[in-house]
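Worksheet for the structure shown next.
In what follows, every chain begins at residue 1, and chains take the letters A, B, ... in the order their sequences are listed.
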2 protein chains.
Amino acid sequence: MLKAERQQIILNEVRRHNRVLLPDMADLVNVSVDTVRRDITELHRKKKLRKVHGGAISLGFHNYNFQGVEIYSKNEKSIIGEKAITLLRDGQVILLTGGTTNMEMARLLPTNLKLTCFTPSLPVATQLLTKPNVEIIFIGGRVSKDSQITVGGSAIHMLSEFSVDLCFLGTHSIDLSYGLSEFDWEIVQLKKSMIKASRKIVAPVISEKLNTIQRYKICDIEEIDTLITELDPENTLLDMYRNKRFNIL
Amino acid sequence: MLKAERQQIILNEVRRHNRVLLPDMADLVNVSVDTVRRDITELHRKKKLRKVHGGAISLGFHNYNFQGVEIYSKNEKSIIGEKAITLLRDGQVILLTGGTTNMEMARLLPTNLKLTCFTPSLPVATQLLTKPNVEIIFIGGRVSKDSQITVGGSAIHMLSEFSVDLCFLGTHSIDLSYGLSEFDWEIVQLKKSMIKASRKIVAPVISEKLNTIQRYKICDIEEIDTLITELDPENTLLDMYRNKRFNIL
DNA sequence: AAAATAATTGCAAAAAATTGCAAATAATAC
DNA sequence: GTATTATTTGCAATTTTTTGCAATTATTTT
């Protein structure tokens, strides 16, 4: 294995998990701990990660108790991202909307997963640049500064010209009877087009968004195929969402 | 076997597998490792791949995080950026290609300047997000990981649907008789479309790119309206570019 | 404080890169 | 057509880089 390749793998692990232990990395890339140590030292010098006693942590990730058992409690979005990734298979064509949940999912994508990703989100596309096996198709249009995604006729038109296997539809609010909703009219229009362009809809939502509504409706709750939250699927908070036609993850 | 053919095979292998080992390539194309090494060195210079100890890896495999992309010769680019900005007026509609020079220009844009910017570049668009008075229209399409801009038919089609006042056309090489040129075929196609979509063309180039040529031609030098370098317009290096129909800044 | 774990240093073997050079091949001029 | 020139290619000697190991030192945990 090439040194550069090895360092890239280590870096991806750090990006993915926010922290890595030195022996784990040595095991993963099949070299001695000394070599990994040197790699991490080098990456540290290049400011790609932060070298700490026992391993490395990702930059910008503040870890107050690295050595302790409770090293890092995954946040809600990471949990959702990990669950979402289980739905993916090599060769799929997917659509990712904007939002931090989808960004977290993009960040967590395994390096070896082969995908074609359509997205109107600048941050998501940028995040995906680091995935060598992901082909990125950016949906053009006017960029909405607030959400950093493209909206408007041009984007909607482009969406009418393809269809994908799976859409990960980030949303601001979800309610059993009112459905999915959003407070920005233009984004709602865009998301409606995304739904049309997708065979299956996955809705990754943080549980705090459950049972809330916004001014503009995107679609009925029946239109989604999978609901992903950070909660255990058996959690009572999700009771009312059971017995619907969609899966809960 | 022709050298160019051989290099193409190597490049395809890199694209396909994200990484190649030097001896494997030597075996594949039936030449000595020395020759492959030279090929890879050459391709590295042309930024088609990244040469590493023991082989090569694809540019896509390398992690870009473009907040941290170090803009080399930043000073020259800042000078060019400042000059370019003097051409701008409130209300104009402009087109910005990718490249570090245009990124620097985007960074330097005055906060109060009202513009509409079309761009196919993820880093440029991201940079422009910080400018409250700039409306951004992103040109959609497949994202080329190497250059972080969208390319391909979709992007070219979108470019055929509008026209702008001014295009800041970053380019890899400029030569008095050969014109503007680039080493990536797809990017050349995109830039040709950009030229068609623009009333006036501005070519911001670092002086070290003067009098160099690349494999694929973008356009004749007569097609540009303004040439911007970091040099004083009276500098003797620019003598041969005078008496042309374009301005020198 | 002692034990365990990790980091550093020096070192040597293996792998790879570089350099100079000559033969082979292709391109150009005559 | 031939001669000349430039480029490409492979080879050998040298230098550099990479890597694992062992001994020592530093840090953390019990």
Completion exercise
Contact string for nucleotides 7-20 of chain D, one letter per nucleotide 5' to 3', B = base within protein heavy-atom range under 4.0 Å, S = sugar-phosphate only, - = neither, reads -SBBBB----SSBB

Practice task
Ignoring backbone atoms, establish whether K51(B) has a side-chain N or O less than 4.0 Å from OP1 or OP2 of dA16(C).
Solution key: no

Practice task
Apply ring pair (Phe, Tyr, Trp, His ring centres under 6.0 Å) to Y216(B) and list each qualifying residue two or more places apart in sequence or on a separate chain.
Solution key: W185(B)

Completion exercise
Sorted by chain and number, sequence neighbours left out, ring pair (Phe, Tyr, Trp, His ring centres under 6.0 Å) with F138(B) holds for F138(A)

Give every donor-acceptor pair under 3.5 Å between a side-chain atom in residues 26-33 of chain A and any protein atom, sequence neighbours left out.
unit_1: S32(A); atom_1: OG; unit_2: D34(A); atom_2: N; d: 3.4
unit_1: S32(A); atom_1: OG; unit_2: T35(A); atom_2: N; d: 3.3
unit_1: S32(A); atom_1: OG; unit_2: T35(A); atom_2: OG1; d: 3.2

Handout entry: Residue pairs involving residues 222-232 of chain B (criterion salt bridge (Lys or Arg N to Asp or Glu O under 4.0 Å); sequence neighbours excluded)
Key = E222(B)-K244(B)

Exercise for the section: Quick one: which residue pairs count as a side chain to side chain donor-acceptor pair (under 3.5 Å) with a foot in residues 86-98 of chain A, not counting sequence neighbours? Expected result: T97(A)-N102(A)

Completion exercise
From CG of L21(A) across to C1' of dT5(C) the rounded distance in Å is 13 Å

